[in-house]
Amino acid sequence: MTPANKIPVGVLISGRGSNLQTLLDASRAESFPAHIVLVIANVENAGGLARASAAGVPVHVITHKGKTRETFDAQLDAALREAGVELVCLAGFMRILSDGFTRAWEGKLLNIHPSLLPAYKGTRVHERVLEAGEKQSGASVHFVVPELDAGPVIAQAAVPVLATDTPETLAARVLEAEHRLYPTALRLVCEGRVTLQNGAAVTA
Ligand code: GRF
């Protein structure tokens, strides 16, 4: 697949960007149906910015500070559209997006979350999984809808929870699963094999 045939993807980050890295790595393969054309961080020192630059991908820093959510989201939207982005991946992006933004990108906005959704939405996921004595956890990639972490699931990967786990060891195991899952899920959406229809993720 030539770059011209691939779907142009924008990635939004706030931190270290290890999931961004797996998307950058996957998109280098000729057969991968997406290429990353823009990375946006809302935090100036997000570690993922260096990963994007090293891969030759343009980066923007758009701070959320001192702006309304609507203004911030309008700036994100403008930058994504100017870069020709057709699909957006949230990868450790720590801002809640406005209803207007999520509706504008409906079916074209993906997020990765470190739990087996719909269980354990929100923050402190691994702590809560351990507190509850779960035997299994995992990662989910889902379409983003206005309600936080509530969008239809595109793909999931499960990992065991060990009796000796701490939040850190469990997070590391889940993160490995995330790194395998996100490129797989992005491929499914780019190839039209999973679409958002009437609020559900539908497999072709
Ligand atoms: C990941 O655990 C992801 O599931 C969550 O934030 C973390 C981001 O990690 N949404 P990284 O920045 O991709 O390394």
Side-chain angles (χ1 to χ4, degrees), residues 9-28 32 34 36 38-55 57 59-64 73 76 87-97 101-102 105 109-131 134 136-161 165-189 201:
V9 169
V11 183
L12 308 191
I13 61 167
S14 300
R16 71 192 156 184
S18 70
N19 278 291
L20 163 66
Q21 187 69 57
T22 63
L23 297 179
L24 289 168
D25 292 346
S27 66
R28 265 199 284 277
F32 196 75
I36 316 296
L38 178 63
V39 172
I40 302 177
N42 65 313
V43 186
E44 219 167 275
N45 59 358
L49 289 170
R51 297 175 187 270
S53 298
V57 175
V59 299
H60 276 5
V61 175
I62 302 179
T63 181
H64 59 278
D73 287 3
L76 290 180
L87 217 148
V88 180
C89 290
L90 308 183
F93 184 65
M94 301 304 285
R95 302 296 304 170
I96 293 173
L97 294 162
F101 186 95
T102 56
W105 289 91
L109 182 57
L110 279 54
N111 182 42
I112 187 155
H113 182 77
S115 79
L116 293 174
L117 291 172
Y120 302 100
K121 297 171 184 167
T123 57
R124 289 188 64 254
V125 169
H126 308 299
E127 286 86 342
R128 289 188 288 134
V129 165
L130 291 174
E131 279 159 21
E134 301 284 3
Q136 186 173 258
S137 191
S140 307
V141 175
H142 63 94
F143 288 113
V144 176
V145 298
E147 193 189 333
L148 188 67
D149 297 331
V153 169
I154 297 160
Q156 289 183 312
V159 302
V161 178
D165 267 334
T166 62
E168 292 72 29
T169 60
L170 179 56
R173 193 174 309 116
V174 171
L175 192 64
E176 274 182 36
E178 291 183 41
H179 293 165
R180 290 189 297 274
L181 184 67
Y182 215 167
T184 305
L186 178 57
R187 175 186 284 279
L188 289 173
V189 174

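Whatever order the structure lists ligands and atoms in, that order sets their numbers, starting from 1. Please read these numbers as outputs of a predicted model, since none were measured by experiment. Index from 1, following the sequence.
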With respect to atom 8 (C) of ligand 1, which of S140, G92, A177 exhibits the smallest heavy-atom separation? G92

Which option, E178, H126, M94, owns the non-hydrogen atom nearest atom 1 (C) of ligand 1? E178

Pull out every atom of ligand 1 sitting under 4.0 Å from any heavy atom of [X], numbered as shown with elements.
X	result
P114	4 (O)
G17	11 (P), 12 (O), 13 (O), 14 (O)
R16	9 (O), 11 (P), 12 (O), 14 (O)

Separation between [atom1] of [X] and [atom2] of [Y], rounded to the nearest 0.5 Å:
X	Y	atom1	atom2	answer
H126	L170	NE2	CG	5.5 Å
I154	L110	CD1	CG	3.5 Å
H142	D149	NE2	CG	5.0 Å
Y182	T22	OH	OG1	9.0 Å

Check A155 against A185 and note the closest heavy-atom contact, atom names and distance. CB-CB, 4.2 Å

Identify the protein heavy atom lying closest to atom 10 (N) of ligand 1, giving its residue, its atom name and the separation to 0.1 Å. I112 O, 3.1 Å

What I want to know is whether N19 and ligand 1 share at least one N or O pair that is separated by under 3.5 angstrom. yes

Does atom CD of E131 have more than 12 heavy-atom neighbours from other groups under 6.0 Å away? yes

